[in-house]
Every structure is written in C-alpha cells, then in structure tokens.
Amino acid sequence: MDAAQRKMLEETTRYDPAEVEGRVFGEWIEGGYFHPEAEGTPEENFSVAIPPPNVTGALHMGHALNGSMQDALVRMNRMRGKNTLWVLGTDHAGIATQAVVEKGLKAEGKSRHELGREQFVERVWEWKEEYGSRIVEQYKRLGASLDYERERFTLDEGYVKAVYRVFKQLYDKGYIYRDNYMVNWDPGSHSAISDLEVENREVEDTLYSIDYPVEGSDRVLTVATVRPETMLADTAVAVNPDDPRYADLVGQFCVLPLVGRRLPIIADEHVDPEFGTGALKVTPGHDINDFEIGRKHGLEEIGVIGPDGRLTEEAGEFAGMTAAEAGEAVVAALRAEGRLRAEEPYTHSVPFSHRSGERIEPLISLQWFCRMDELAQPAIAAVESDEVRIAPDQWKRVYLDWMREIRPWCVSRQLWWGHRIPVWYCDACEETIVAEQPPERCGACGGELRQEEDVLDTWFSSALWPFATLGWPDDTPELRAFYPTSFLTTAREILFLWVARMVMMGIEFPGAVPFRDVYVHSVIQARDGRRMSKSLGTGIDPLEEIDVHGADALRFGLLAMSSTQDVRFSDAKVEQGRDLANKLWNASRLILLNAAEVEPAPRPVRVEDRWLLSRLERTVSSVTAKLEAYDFAHAVQEAYAFFWRDLCDWYLEIAKPRLYDGEEEVSATLLYALERVLALLHPTMPFVTEEIWSFHPARRGHLAVHPFPAADESLYDEAAEADVEGGIDLTQRLRAWRDLAAVPAASVLAARVEGVDPPEFVARLSRFELGPDGGDPVASIGPVRVLPSEQLDAATVAERLERRREELRSEVERAERKLGNEGFVAKAPAEVVEEERGKLERYRAELAELA
RNA sequence: GGGCGCGUAGCUCAGUGGGAGAGCGCUCGCUUCACACGCGAGAGGUCGCUGGUUCGAAACCAGCCGUGCCCACCA
C-alpha cells in the first residue's frame with residue numbers, strides 16, 4: 001500500500017459501489033480471467049451454460065437471482081483453480097423478437113407482408129445487431145463472470161448447423177413427421193404453439209343449450225356449448241354407449257339447425273351421461289376432444305374458423321365475422337328458430353396463448369411434429385438413476401410424471417424469424433427432401449424446389465444449448481473440454497419447456513446428459529406477493545437496485561432471500577447486503593491501516609485469538625458446504641453472522657488495543673482472517689471484496705483468481721470457543737445489568753471476581769474495574785461481585801436483583817418439573833437428562849448467590 | 001379432477017422431536033479515536049384450528065380452515 005492508497009483508505013469512510021464496480025469489472029476482463037483455454041476434461045473442469053436470455057430482453061429479477069447463483073458457484077470453482085467456463089449467449093426468441101420488430105414497422109405504417117420475408121428478416125437482424133447486446137451489458141453490471149469472448153446466438157452460423165443436423169437426424173429416425181392435426185392456434189401471433197405455451201384461465205362464459213331435431217321423428221337431442229359458433233362445424237352428436245335414454249337413437253341422424261347437415265348419432269365412452277342431457281355435439285374441426293372422437297369414428301372434419309380468427313366460407317352467411325360476432329349471430333338465429341332451449345352462466349377453464357395473451361383457437365392444420373416417447377425413455381432413466389440430480393427433491397417427481405406422459409411436440413411455427421425448417425418440396429413430383437444443406441434441384445425428377453415456409457419453435461434450438469454453444473456437431477476442443485456441463489440453475493416454469501428437452505437432446509446427440517445437477521430455484525415475487533410482471537407493472541428493476549445500492553448488495557440480498565419456497569422481494573435484505581459491503585470496507589480499513597508489516601498467518605497468543613481462528617475455519621467449512629449444496633440463503637447469512645458478530649462486534653473490539661500497539665501476532669492473525677473472509681465472500685460479493693483486496697499487503701494478483709479457502713481443521717478449538725463464548729455471555733449480562741441499574745454508559749464501576757477468572761476482555765468491554773477487595777457486593781453476576789459506588793442507586797439495583805431472582809426461580813422450577821417426570825428420566829437419552837441436571841445445578845447455585 | 005407447497009414476533013422469512021431465531025421496524029441509551037449503511041441494551045410470538053403418536057411436538061400422523069403454484073380434453 002503506497003501513500004496515496006493509505007490516504008484514500010483513511011479518508012473514505014463509506015464504500016461507494018458506483019465508483020468501484022465499473023473499474024473493477026474492467027480489470028477482470030483485462031486479466032482474461034473469464035476466458036479459459038479449452039483444455040482438460042469435463043470431469044476436472046467446471047462449466048455452466050447460462051440459460052440464454054432473449055435478445056429482446058432486459059435484465060429482470062429472475063435473471064439477477066439466477067445469475068447471482070451461477071456466478072457464486074462459477075467464481076468459487078474458478079478460485080479453486082479449476083479451468084472454468086461460463087458460457088454466454090442469447091436466444092433469438094422467435095415470436096417475441098418478431099413482434100418487437102413488427103411493432104416498429106407498424107409505427108412506420110408498414111407491415112412485414114409489404115416488406116416480404118427476406119427484407120423483413122434482414123430488418124430483424126439489423127434490430128438484433130443494434131439492440132441485442134443490451135442484456136449482455138446488463139449481465140456485466142451484475143458482475144457475472146461469463147466468458148464474454150465466446151458469446152453465442154441461437155441463429156449464428158454454427159448454431160444453425162447444429163439445429164439442421166438435429167432436425168435431419170430426427171427426421172431420418174422417423175421421430176419428426178408432418179401431419180394434419182389439431183393444434184393450439186394463437187390468433188395473436190398467427191401461429192401454432194405447443195401445449196406448453198398454453199395457459200389455462202378460469203373464464204365466465206354462457207352455456208347454451210340447443211335442440212337438434214332427430215331426423216324423421218318428433219324427438220330432439222339437446223346439446224350444450226359455450227361456443228355456439230362452432231356448431232356450424234358439427235359433424236355428429238355423441239351419446240354414452242351405456243345411456244339407456246338414447247340407446248335406440250344410435251345409428252340414426254340429427255339435423256343440424258341453421259345448416260341442415262345430417263349428423264350421425266354415435267356412441268362414445270368419452271361422453272359423460274351426467275353432464276347436461278348426456279348428448280354431446282361433436283365438432284372435430286374445433287375442439288380437441290371432438291377431434292379425437294372424430295378420428296376414432298371417421299367423422300368429417302370441417303373448419304369454419306380460419307387462422308385469422310374469422311369465420312371461413314364454410315360458415316355460409318356467417319363468413320367474415322369474428323368468432324365472437326359469429327357466436328352472437330348464431331345465438332340470435334337459433335333463438336329466432338326456437339332452437340335455443342337455455343342459457344346459463346358457466347365458469348370453466350379456457351386456453352390462452354402464453355405468448356400473445358389471446359384465446360387459443362383449436363384448429364386442424366398441417367404442421368411438423370416430433371414424437372417424444374422414445375427420446376424420453378433414456379431421459380427418464382437418467383433422472384431415475386440420479387445421473388442427473390434434480391433439487392429440491394419434489395421436482396424430480398414432477399419431471400418424471402411429465403416425461404412419462406409426454407406427447408408429440410408441434411415444432412413448426414408460422415413465423416419468419418427463426419430457423420426455417422430444412423425441408424424442400426418438389427411440386428413436380430411431390431417429393432419431400434429433408435437436408436442440412438439446401439439442395440439444388442429435386443433428386444427424383446430434377447424439378448424446382450421450394451423450401452418449407454415455417455420456422456422451428458424457439459425451444460427446438462434452445463434444447464441444444466449446452467452442446468451447440470460448444471461447437472457441436474463439430475468435434476471442437478470446447479466440446480471435449482466442457483461437455484457435459486457441471487450444473488444448471490433454472491426457474492421451474494421452464495422445467496419441461498427447456499430442461500427436460502435438453503436432457504433428451506443431450507443424450508440423443510452428443511450422447512451424454514448435458515449436466516449433472518439441476519437446481520430449481522424459487523420465484524421472487526413482488527413486494528405485495530403478486531407475480532413480478534411487466535404487464536402488471538409489478539416488476540422491480542435490478543439495474544435500479546444496482547444503481548442505488550450496488551451490485552454486491554443486490555446479489556447478497558437476492559441470495560439471502562432465496563429459498564426453496566417462493567418469497568417476496570425484500571428491500572431490507574438488499575440493504576443488509578449494502579450494509580455488509582460498507583462494514584467490510586470499514587473493518588478492513590481498521591485492520592489495514594493499523595496492522596504491523598507482517599506476513600498474514602494464524603499466530604494465536606490469547607484465548608480470543610484461538611476462538612476467532614476456530615470460528616473462522618468452521619465458517620469457511622460450513623459456508624462452502626452450503627454453497628455446494630445450493631443453499632445460498634444460509635451460506636450468505638452465516639458468512640454475514642460470522643463477520644459481523646464474531647469478527648467485528650467481538651474480536652475487533654477485543655483486539656483493538658493490541659492492534660493499535662502494533663503487536664505483530666494480532667496483526668498477522670487479522671490479516672490472515674481478512675484474507676480468508678474476502679476470499680470466502682468473493683463469489684457472492686465480488687466487487688467490494690476485490691476492491692478491498694487491492695489494499696491487502698499479501699496481494700499478488702486479483703482476488704477473482706486467488707485460491708478459495710479450504711477449512712484448516714487444525715485450528716478448530718472447542719475449549720477456546722467455550723471460554724470466549726462464556727466471556728461474551730458474561731459481558732452481555734454485565735452490560736444489561738448496568739443498563740437496568742441506570743448507570744451512565746461512560747462510567748467505570750468497581751468489582752471483584754470470586755472463583756474462576758473470566759477472560760481479560762470481559763471487564764474492559766463491560767466497563768468494570770476489577771480490584772482485589774472492596775467490601776460487601778451489591779450484586780453478583782456470575783463470578784463478578786459488583787461493589788458499591790456513588791453511581792449506583794440502591795433501589796434500582798435491588799429491583800434488578802429481584803428480577804433476576806424471579807427469572808432463576810422459574811428456570812429452577814421448569815428444570816425440576818422436567819426432572820421430576822419419571823418418563824423423561826427413564827426414556828430420554830442420557831445426555832439430555834444430564835444436560836438438564838447441569839442446568840438445574842447452575843441455576844440453583846446462582847440463586848443461592850443472590851439470596 | 002390430480003399433484004406439489006405454504007400458514008412461526010408489526011413486516012419479510014429461517015428453524016423437522018429435547019428450553020422459540022434472523023434481518024428490518026419499534027423503545028431506551030450512546031458525537032466510545034473502522035463504520036450512524038454505526039455501537040450498547042430492550043420490548044414483542046397460546047408457532048392457523050382440532051384430535052392423535054411420544055417421557056417430550058412449531059417440528060411426526062389424521063382431519064379441518066385459509067392461501068399459492070403446477071398438471072389435466074367435462075361439452
């Protein structure tokens with residue numbers, strides 16, 4: 001430390017994150033610490049793939065929490081000397097990004113259709129180049145030690161190669177196929193979406209009962225629906241095969257009101273005879289259940305609602321209306337014909353698009369699907385056998401339950417931004433070609449080819465993330481050194497959408513599970529307990545928190561509030577982190593400005609030194625174990641407690657005089673403890689610890705690559721711990737006694753000791769002067785006999801004494817009652833009974849002293 | 001309909017069988033030569049309810065009440 005540094009330390013009484021963070025981050029980058037060579041094996045290396053944020057995204061609390069957790073483990077392992085890679089990249093986010101750019105076009109009065117596909121995609125790329133790095137810059141603010149030199153994008157050249165390879169191979173295996181099937185149509189994004197992107201919400205609707213006349217009879221079948229417009233596409237009426245009311249009608253026909261179509265009356269177990277009249281209108285074109293019934297019975301599939309959400313030509317007079325308008329018109333027409341039997345309010349769950357928020361329109365369309373059942377088998381086995389461990393425990397079962405009932409995945413999207421499906425059609429001979437490279441002409445007839453218009457679901461490419469980012473399908477040094485990755489931390493909402501699919505693809509393609517550990521973290525809710533969301537306006541911006549309190553404060557706060565259950569965002573925890581950073585700074589100033597010039601080393605000479613070192617090493621051990629077990633909240637809070645209580649409140653106060661005296665032993669011990677505390681906290685609070693480290697005499701390089709401490713168990717010292725904890729307890733009792741006796745804080749009281757001498761610091765920190773004699777004590781606190789003096793008011797002291805006696809009497813009574821219980825003495829473990837007897841003795845003894 | 005979770009101090013949360021904890025807030029006292037983002041001392045909980053298991057339950061079991069999330073094709 002040179003003179004300028006010393007001056008700066010002396011003058012700066014408050015840690016200023018804004019001044020430090022940018023500078024320190026620059027030093028890390030310059031040092032190249034986050035950019036490892038691709039050497040070694042995955043077993044000896046440490047690697048993590050970041051869940052790729054959307055290019056359109058801004059850093060939100062989920063990123064900040066997840067990033068804090070990953071960075072903690074990444075930094076800890078880097079400090080341990082492991083070759084460590086944290087892979088950075090962004091996701092092209094098909095629908096979201098396309099929507100952002102389309103919105104921009106709309107503001108210019110244009111649409112993507114005017115531009116045409118090629119120009120539009122060009123435009124999205126321009127947008128990406130300009131704004132896509134925003135979130136990357138925001139991760140830097142957090143202090144994330146990602147490899148910024150190996151940034152990937154799900155649409156970069158190499159990544160596209162991986163996607164096409166996977167598509168081709170899955171197609172060749174027969175897993176990927178094209179089918180005319182019912183899908184979740186999202187009128188908002190004008191695309192099919194997968195089951196996982198659908199969200200069911202409770203909606204109040206009207207349930208309409210409609211009479212369908214039976215052909216050649218007076219009878220009617222009354223059916224019920226919440227979507228009257230779909231009746232235009234009905235192609236049957238179904239009843240339960242065991243329903244005696246309708247047994248005679250099966251095989252006959254109804255006549256569809258308004259349309260006149262003949263509807264066969266069929267029997268199917270799906271129909272619940274208890275619901276309504278027990279007769280079900282069957283609309284295979286617009287209802288997922290009816291679709292299945294229809295396929296089973298070979299019914300006609302009519303579509304009356306088009307991809308734009310409007311009624312098609314099939315709907316006759318209703319063509320062109322929106323579904324909602326058509327619903328009303330149909331009801332009016334039915335009422336006019338006297339077919340409407342009833343309408344009643346009805347609450348049920350309805351699918352909405354998670355992407356656009358619009359109500360899903362189930363309809364039949366030609367899409368690409370991927371069969372998942374066979375891919376799922378080894379991915380199930382991997383988790384069953386704990387080759388991939390999922391924590392907390394309950395998510396393992398959630399994963400397995402879902403995987404065991406996995407269904408085909410609709411992978412095509414009617415968008416322009418994304419991986420255009422690598423399929424080419426020949427119109428001349430109807431050949432379909434799937435290829436990784438665009439073929440010139442049709443291999444069969446030499447005819448012209450046109451490429452499939454659809455793109456792949458964004459999650460199709462995300463599923464390849466852990467290996468595609470490392471260069472797969474090429475055999476790259478990165479892939480050899482860093483795959484499989486070490487662990488994954490994630491939000492539970494993408495357990496199926498992303499995690500499960502990565503496991504399947506990892507096993508199928510590179511041939512190994514993509515990570516060993518999956519940690520599902522909790523969700524940080526808004527302060528009022530609602531979900532943090534942009535649309536609700538409940539989001540809390542992590543960058544603002546960083547601006548106000550610093551990145552370390554936010555990181556500490558998020559880790560401290562994280563848990564296995566969902567928690568509300570806590571400003572107090574972030575402030576606790578801020579206070580800790582400041583306390584670290586100031587305690588370090590005390591040590592660094594006053595320590596003698598010595599090598600940091602444990603050099604205990606007194607009991608409190610041995611106590612401090614013992615506590616330090618136990619904390620190192622415990623905090624490390626908790627980090628490794630993903631127990632971030634307890635890890636940081638334990639480190640906090642050790643530093644604040646043991647080191648600052650007690651040890652520094654006890655050791656100050658020796659430090660000011662320039663004693664070498666205490667200086668060496670404190671420099672040693674400081675070094676270890678800084679290193680221990682660096683993974684969670686990297687900026688402030690790195691900054692303080694720059695003043696430490698033992699510094700040879702950055703803390704980011706300083707060895708992470710391993711507990712030195714030879715310094716554990718139970719006897720010293722017991723002595724000092726006893727001294728602390730006594731000090732607190734003496735202080736409390738003074739406070740209650742209303743003694744001015746600054747005055748020193750006379751006392752003497754009877755029995756065992758407490759540690760030296762007790763009298764000093766509680767402001768007692770211990771002397772050899774002194775007459776009759778006015779009070780006894782442990783071995784301390786307080787002697788009469790002018791500052792003591794007899795009445796107050798007596799009151800205080802009586803209070804203590806009361807406490808002791810009730811303690812004695814409690815212990816006696818417990819020991820008087822025969823069951824307890826007979827059945828409780830011996831050491832528990834012994835402990836209780838010990839307590840009773842001590843309380844009795846103290847009570848006797850006070851009597 | 002099925003599954004998972006939660007209900008502990010005014011607030012946010014720890015605590016899984018042997019005497020109720022943390023941070024914040026609150027009260028009182030400190031310009032104590034690292035830090036007022038500080039120091040010292042306090043007040044404040046029939047651990048949702050009922051029953052059970054146990055010598056002993058905040059913790060284990062059952063039921064109930066309240067609350068949150070996930071999955072699922074009841075028109």
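Letters A, B, ... are given to chains in the order of the sequence lines, protein chains preceding strands, and every chain is numbered from 1.
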Asks: Please list, chain by chain and in numerical order, all residues satisfying ring pair (Phe, Tyr, Trp, His ring centres under 6.0 Å) with Phe496(A), sequence neighbours excluded.
Replies: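 Here the qualifying residues are Trp402(A).
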
Asks: Of the nucleotides C55(B), C73(B), C13(B), which has the atom closest to the Ile288(A) side chain?
Replies: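 Of C55(B), C73(B), C13(B), C73(B) is nearest to the side chain of Ile288(A).
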
Asks: Ignoring backbone atoms, establish whether Arg407(A) has a side-chain N or O less than 4.0 Å from OP1 or OP2 of A72(B).
Replies: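 Looking at the OP1 and OP2 atoms of A72(B), one of them is under 4.0 Å from a side-chain N or O of Arg407(A).
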
Asks: Given the P atoms of G21(B) and G45(B), what is the spacing between them in whole Å?
Replies: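 Rounded to whole Å, the distance is 14 Å.
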
Asks: What nucleic acid atoms does Ala587(A) come within less than 4.0 Å of, heavy atoms only: base, sugar-phosphate, or nothing?
Replies: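 If one applies the 4.0 Å heavy-atom cut-off, Ala587(A) turns out to touch a base.
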
Asks: Does Gln732(A) place a side-chain N or O at less than 4.0 Å from the phosphate oxygens OP1/OP2 of A41(B)?
Replies: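 Yes, such a contact exists.
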
Asks: Base, sugar-phosphate, or nothing: which does Pro829(A) touch, judged by heavy atoms less than 4.0 Å apart?
Replies: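 Base contact.
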
Asks: Which nucleotide, in any strand shown, forms a Watson-Crick or G-U wobble pair with U67(B), with both distances under 3.5 Å?
Replies: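 Check on U67(B): paired to G5(B), both distances under 3.5 Å.
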
Asks: For Asn200(A) and C70(B), what is the distance between atoms CG and P respectively, to the nearest whole Å?
Replies: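 From Asn200(A) CG to C70(B) P: 10 Å.
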
Asks: What nucleotide, of C13(B), C55(B), C39(B), holds the atom closest to the side chain of Asp649(A)?
Replies: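 The answer is C39(B), which lies nearest to the side chain.
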
Asks: Would you mind reading off the distance between Gln576(A) atom CD and A14(B) atom C1', rounded to a whole angstrom?
Replies: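 Going from Gln576(A) (CD) to A14(B) (C1'), I get 12 Å.
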
Asks: Is Arg527(A) close enough to U12(B) that one of its side-chain N or O atoms is under 4.0 Å from OP1 or OP2 there?
Replies: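 No, no such contact exists.
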
Asks: Using whole Å, report how far CZ of Phe556(A) lies from P of A22(B).
Replies: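 Those two atoms, CZ and P, are 15 Å apart.
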
Asks: Donor-acceptor pair, distance only, cut-off 3.5 Å: does the side chain of Thr731(A) make one with the backbone of Leu765(A)?
Replies: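 No: the side chain of Thr731(A) does not pair with the backbone of Leu765(A).
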
Asks: Round to the nearest Å and state the distance from Asp566(A) atom CG to C6(B) atom P.
Replies: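 Checked: the CG to P distance equals 11 Å.
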
Asks: Of the options U12(B), A41(B), G3(B), whose atoms approach the side-chain atoms of Ala736(A) most closely?
Replies: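 Side chain of Ala736(A) sits closest to A41(B).
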
Asks: NA contact type, Trp644(A), heavy-atom cut-off 4.0 Å: base, sugar-phosphate, or nothing?
Replies: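 Result for Trp644(A) = sugar-phosphate.
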
Asks: Considering Watson-Crick and G-U wobble pairs with both distances under 3.5 Å, what does C13(B) pair with?
Replies: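 By the stated definition (distances under 3.5 Å), G21(B) pairs with C13(B).
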
Asks: Would the distance check show the side chain of Arg245(A) and the main-chain N or O of Pro273(A) forming a donor-acceptor pair, the cut-off being under 3.5 Å?
Replies: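 Looks like yes, one N/O pair under 3.5 Å.
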
Asks: Ring of Phe352(A), cation from Arg201(A) - is the NZ or CZ under 6.0 Å from the centre and inside 45° of the axis?
Replies: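 Cation-pi check for Arg201(A) and Phe352(A): passes.
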
Asks: Quick check on RNA chain B: between His270(A) and Tyr843(A), whose nearest nucleotide comes earlier from the 5' end?
Replies: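 So the residue in question is Tyr843(A).
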
Asks: Roughly how many Å apart are A58(B) and U46(B), using the P atom of each and rounding to a whole number?
Replies: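 The answer is 13 Å between these two P atoms.
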
Asks: Under 4.0 Å, counting only non-hydrogen atoms across every strand here, what does Ser588(A) touch: a base, just sugar-phosphate, or nothing?
Replies: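 Counting heavy atoms under 4.0 Å across all strands, no contact is made by Ser588(A).
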
Asks: Please report, rounded to the nearest Å, how far the P atom of G7(B) is from the CD atom of Gln565(A).
Replies: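 Distance, rounded to whole Å: 6 Å.
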
Asks: With rounding to whole Å, what would you report as the distance between G40(B) and U32(B) at their C1' atoms?
Replies: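 Comparing C1' positions in G40(B) and U32(B) gives a spacing of 10 Å.
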
Asks: Only counting residues at least two apart or in another chain, list the ones meeting salt bridge (charged side-chain N to carboxylate O under 4.0 Å, His left out) with Asp393(A).
Replies: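 Once residues adjacent in sequence are excluded, Asp393(A) has no partner under the salt bridge (charged side-chain N to carboxylate O under 4.0 Å, His left out) criterion.
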
Asks: Nearest-Å distance, CZ (Arg531(A)) to P (C69(B))?
Replies: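 After rounding, the gap between these two atoms is 7 Å.
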
Asks: CZ of Arg738(A) versus P of U32(B): gap in Å, rounded?
Replies: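 Atom CZ in Arg738(A) sits about 15 Å away from atom P in U32(B).
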
Asks: Please tell me which of the listed nucleotides, U12(B), C69(B), C70(B), lies nearest to the side chain of Arg492(A)?
Replies: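 Shortest atom-to-atom distance from the side chain points to C69(B).
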
Asks: Whole angstrom is fine here: how far is it from CG in Leu400(A) over to P in G3(B)?
Replies: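 Distance check: Leu400(A) CG to G3(B) P gives 17 Å.
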
Asks: So does Glu199(A) get a backbone contact from the side chain of His354(A), meaning a donor-acceptor N/O pair under 3.5 Å?
Replies: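 The answer is no, because no donor-acceptor pair under 3.5 Å joins these two groups.
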
Asks: For C26(B), what is the paired nucleotide under Watson-Crick or G-U wobble rules, both distances under 3.5 Å?
Replies: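 Partner of C26(B): G42(B).
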
Asks: By nearest atom, which of the nucleotides G18(B), G5(B), G23(B) is closest to the Ala828(A) side chain?
Replies: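 Side chain of Ala828(A) sits closest to G18(B).
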
Asks: Base, sugar-phosphate, or nothing: which does Asn821(A) touch, judged by heavy atoms less than 4.0 Å apart?
Replies: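 Sugar-phosphate, no base atom in range.
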
Asks: Counting just side-chain N and O atoms, does Lys583(A) come under 4.0 Å of either OP1 or OP2 of C39(B)?
Replies: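 The answer is yes; a side-chain N or O of Lys583(A) sits under 4.0 Å from OP1 or OP2.
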
Asks: Taking only Lys NZ, Arg NE, NH1 and NH2, and the carboxylate oxygens of Asp or Glu, determine whether Asp211(A) and Arg339(A) approach each other closer than 4.0 Å.
Replies: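 Arg339(A) and Asp211(A): not salt-bridged.
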
Asks: Using the P atom in both, what is the distance from A62(B) to U53(B), to the nearest Å?
Replies: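 About 15 Å, rounded to a whole number of Å.
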
Asks: Taking 4.0 Å as the cut-off, does a side-chain nitrogen or oxygen of Ser570(A) come that near to OP1 or OP2 on C24(B)?
Replies: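 No, outside the criterion.
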
Asks: For A72(B), give the paired nucleotide (Watson-Crick: N1-N3 plus N6-O4 or O6-N4; G-U: N1-O2 and O6-N3; both under 3.5 Å), or none.
Replies: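 Pairing partner: none.
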
Asks: What integer number of Å spans the P atoms of C11(B) and C64(B)?
Replies: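 These two P atoms come out 28 Å apart once rounded.
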
